[in-house]
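Every heavy atom of this structure was used, including side-chain atoms; hydrogens, water molecules and symmetry mates were not. Since the model is a prediction, treat every value here as computed from it, not as a measurement. For ligands, and for the atoms within them, numbers begin at 1 and follow the listed sequence.
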Amino acid sequence: MSAPQTRIANLTDLLHAAARGRKTLLPNHPKILVGMASCGLAAGADEVYQAIREETSRLQLPYVVAPTGCIGWCSQEPLVDVRLPHKPRVTYGRMDVPKARELVRGLCDGDLKTQWAIGLLTGHDNPVTRTRIRYSQPSARVDGVPRYEDLELFRRQIRLVTRNCGVIDPADLDEYIARAGYLALHWALTGMRPEEIINEVTRSGLRGRGGAGFPTGKKWEVMRRQPAKPKYIVCNADEGDPGAYMDRAVLEGDPHSVLEGMTIGAYAMGASDGVIYVREEYPLAVKRMLEAIAQAEAAGLLGDNLFHSGFSFHIRVVKGAGAFVCGEETALITSVEGRVGEPRQRPPYPAQRGLGGKPTCINNVETWANIPVILMRGGDWYAHLGTGDSRGTKVFCLVGAVKNPTLIEVPMGITLRQIVYDIGGGIPQGRKFKAIQTGGPSGGCLPESLLDLEVDYESLTQAGAIMGSGGMIVMDSSTCMVDLARYFLTFLADESCGKCFSCRKGLQRMRQIVTRITEGLGSEGDLELIEDLGWMVRETSLCGLGQTAPNPVLSTLRYFRDEYLAHVREKRCPAKVCKELITYRIEPTLCDGCGACVRVCTSQAILGEKKKVHTIDNAKCIKCGSCLEVCQPQAVLVE
Ligand SMILES: Cc1cc2nc3c(=O)[nH]c(=O)nc-3n(C[C@H](O)[C@H](O)[C@H](O)COP(=O)(O)O)c2cc1C
């Protein structure tokens, strides 16, 4: 842990802190890292971490045992990385407490337990300085363990925003500084004029990563020109999309990168105070940010007269109660002000009139975390990544029907196919790809014929989807697109703040009609009706929630109309998902009477004696699918 009392007032102090940080980052000492972002913790990383600490202490091993952020292989959590001097860094997946203890005992005897190893790294690049921490010779190998460089999952990724996640201990300021942290801030405050910084951001082509994709340099320029004082900076860490955890991973794994980006932005735009608006449901992210703010303040990297430049900046954390609409920037402002989070008409934009009526620049977590890299490497370098008007990289949460669901960072312009098949490993269980939903709950669903689409703001919008903040859900043949549209409509209708009649009532009505279709009660006229309603909600809503909420329905109607027609014409759900349109049956020739289905059926709908053929009482069956899951001989059929 860095010593909080160590003040950093100039370049020499920064270099001293970096030297301290390098002691635990460089491969001189044995080190065990445990991935302890939420993805790891959800899988039991905390217990694994404690077990490793206990075992190393019991055996008196001189190992540094430290937490780190998301290592980037979420499907294999809990993840443990072992780094022995002059050896590659070995990653172990799906660890549990007994395995963790055995691993430590094995290491004592020089046994690397390669049977649990899933990958090895010979070094870590630092995109900020173009340097590499070398753990071992580039050619080093461990029998049977693939190198990260050879794994499709990592080969296509470029980790700028997530550069330190899985590398540093997020609670260690010195380790962040050892990865060139706060160097960009020092550079900005001691050698750059605000206009030069904004110019660099504009040249980078960076667009806001929170969803709308507004050019960041342009927003900063508008804000800089505002004469009113004080000015505020806000980091939007509300992240309410189901299945998305990009921002959470950055806050938990590399909190100082966000603080550094915000402080640079504040200097460039003349702001004096900052707010990190983060949802209450992200306790670890809140803890990490509070910890990082306290460290930065104690070190003199936040507060008054930073690097003797005369520039002062303060940041506080405001917790949101978890309403999706509070991520919308004008609703966010009212929430920070202590009022009900409701959007308002723009203009004036927050950069003109925001918090307390003063100019306020709101940017997303990922946008802020990009800033130190852009300043260190230059806007032109950043702009060479990507395509068209979408430059740089984007962090996505690749989830759903892929073999490797995980957090990824890829250059803009990569195709959906490369993401799903090369990085995601394709569709598991021999099923067929059906659709990919990009952009969170108000994104669109794209079919297989669009898999070669390049991922950029314009292409996705033209295809009826959106970039959004980075949620990406892959669906296979077992997903019903009508049911999916119903799910997202339900989420958005519940999250609508209700201020606009069209959004409030329009989404409720659309949900009713789509639900009716999933129940087999729809008619062909319903399809036109929801399409019309969708366009009306889109055109007449005040904020982005209503303007994009119809996307899942409109895109599924556009690309999967046949599936809607099967529901309304034939009263059939082709994916066999919609409960009112399916029945469960036990095939007598396959049933071996094992009784597994009887034990899991909570509605006592399965009849039959042990070792005899079972049957399902359809009057009692609630179609939960539990019997289907446990039936070994696959005798339960859905028809
Ligand atoms: C309903 C709704 C929810 C939103 N949620 C978020 C969010 O969680 N995080 C975020 O950064 N932007 C969110 N946005 C976008 C913000 O309004 C705003 O555009 C963004 O914070 C600006 O930062 P950026 O330019 O860096 O993207 C949301 C927008 C809407 C309409």
Asks: Using a strict cut-off of 4.0 Å, indicate which atoms of ligand 1 neighbour a heavy atom of Glu239.
Replies: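 Numbered from 1, ligand 1 contributes 7 (C), 8 (O).
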Asks: For Gly379, does its backbone N or O pair with a side-chain atom of Glu200 as donor and acceptor, under 3.5 Å?
Replies: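 Such a contact is found between Glu200 side chain and Gly379 backbone.
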Asks: What protein heavy atom sits nearest atom 18 (C) of ligand 1, and how far away is it?
Replies: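 Answer, as residue, atom name and distance: Glu329 OE1, 3.7 Å.
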Asks: Using the side-chain contact (heavy atoms from CB on, under 4.5 Å) criterion, which residues pair with Glu221? Sequence neighbours excluded.
Replies: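 Expected list: Ile198, Arg224, Arg225.
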Asks: Taking Lys231 for the side chain and Ala351 for the main chain, is one N or O donor matched with an acceptor at less than 3.5 Å?
Replies: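 No; zero donor-acceptor contacts below 3.5 Å.
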Asks: Using a 3.5 Å distance criterion without hydrogens, assess whether the side chain of Ser257 forms a donor-acceptor pair with backbone atoms of Asp254.
Replies: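 Pair found, side chain donor or acceptor close to backbone of Asp254.
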Asks: Is ligand 1 under 4.0 Å from a heavy atom in the side chain of Lys219, in the backbone, in both, or in neither?
Replies: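 Contact part for Lys219 vs ligand 1: side chain (C-beta onward).
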Asks: Under 3.5 Å, which donor-acceptor pairs do the side chains of residues 529-536 form with other protein atoms, sequence neighbours left out?
Replies:
from: Glu531; atom 1: OE1; to: Arg561; atom 2: NH2; distance (Å): 3.4
from: Glu531; atom 1: OE2; to: Arg561; atom 2: NH1; distance (Å): 3.3

Asks: Given Leu492, Asn236, Thr216, Val234, which has its nearest heavy atom closest to atom 7 (C) of ligand 1?
Replies: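 Residue with the shortest heavy-atom distance to the ligand atom: Asn236.
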Asks: Donor-acceptor check, side chain of Gln226 to backbone of Ala228, threshold 3.5 angstrom: yes or no?
Replies: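 No.
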Asks: Under 6.0 Å between ring centres: does that hold for Tyr245 and Tyr282?
Replies: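 So the answer is no for these two rings.
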Asks: Going by the closest heavy atom to atom 15 (C) of ligand 1, which one wins out of Ala331, Ala212, Gly210?
Replies: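 Comparing heavy atoms across Ala331, Ala212, Gly210, the nearest one to atom 15 (C) of ligand 1 lies in Gly210.
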Asks: Return a yes/no value for Gly213: is any of its N or O atoms, backbone included, closer than 3.5 angstrom to an N or O of ligand 1?
Replies: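 For ligand 1, there is no N or O atom that lies under 3.5 Å from one belonging to Gly213.
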Asks: If you count the atoms of ligand 1 from 1 in the order shown, which ones are under 4.0 Å from a heavy atom of Gly208?
Replies: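 So the atoms of ligand 1 that pass are 24 (P), 25 (O), 26 (O), 27 (O).
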Asks: Starting from atom 29 (C) of ligand 1, which protein heavy atom do you reach first, and at what distance in Å?
Replies: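 Among all protein heavy atoms, the one nearest atom 29 (C) of ligand 1 is Glu328 CA, 3.7 Å.
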Asks: Hey, does Gly544 come in under 3.5 Å of ligand 1, counting only N/O atoms on both sides?
Replies: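 No, since none of the N or O atoms of Gly544 sits under 3.5 Å from an N or O of ligand 1.
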Asks: Out of Gly327, Cys361, Ser442, who is nearest to atom 5 (N) of ligand 1 when you count heavy atoms only?
Replies: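 Shortest heavy-atom distance from atom 5 (N) of ligand 1: Gly327.
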Asks: Taking the minimum heavy-atom distance to atom 23 (O) of ligand 1, which of Asn370, Thr367, Asn364, Leu542 ranks first?
Replies: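 Checking each option, the heavy atom nearest atom 23 (O) of ligand 1 is found in Asn364.
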Asks: Judging by distance only, is a nitrogen or oxygen of Asp247 under 3.5 angstrom from one on ligand 1?
Replies: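 So ligand 1 has no N or O lying under 3.5 Å from an N or O of Asp247.
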Asks: Look at the side chain of Gln418 and the backbone N and O of Thr415, then say whether any donor-acceptor pair between them is shorter than 3.5 Å.
Replies: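 Side chain of Gln418 to backbone of Thr415, a donor-acceptor pair under 3.5 Å: yes, one is there.
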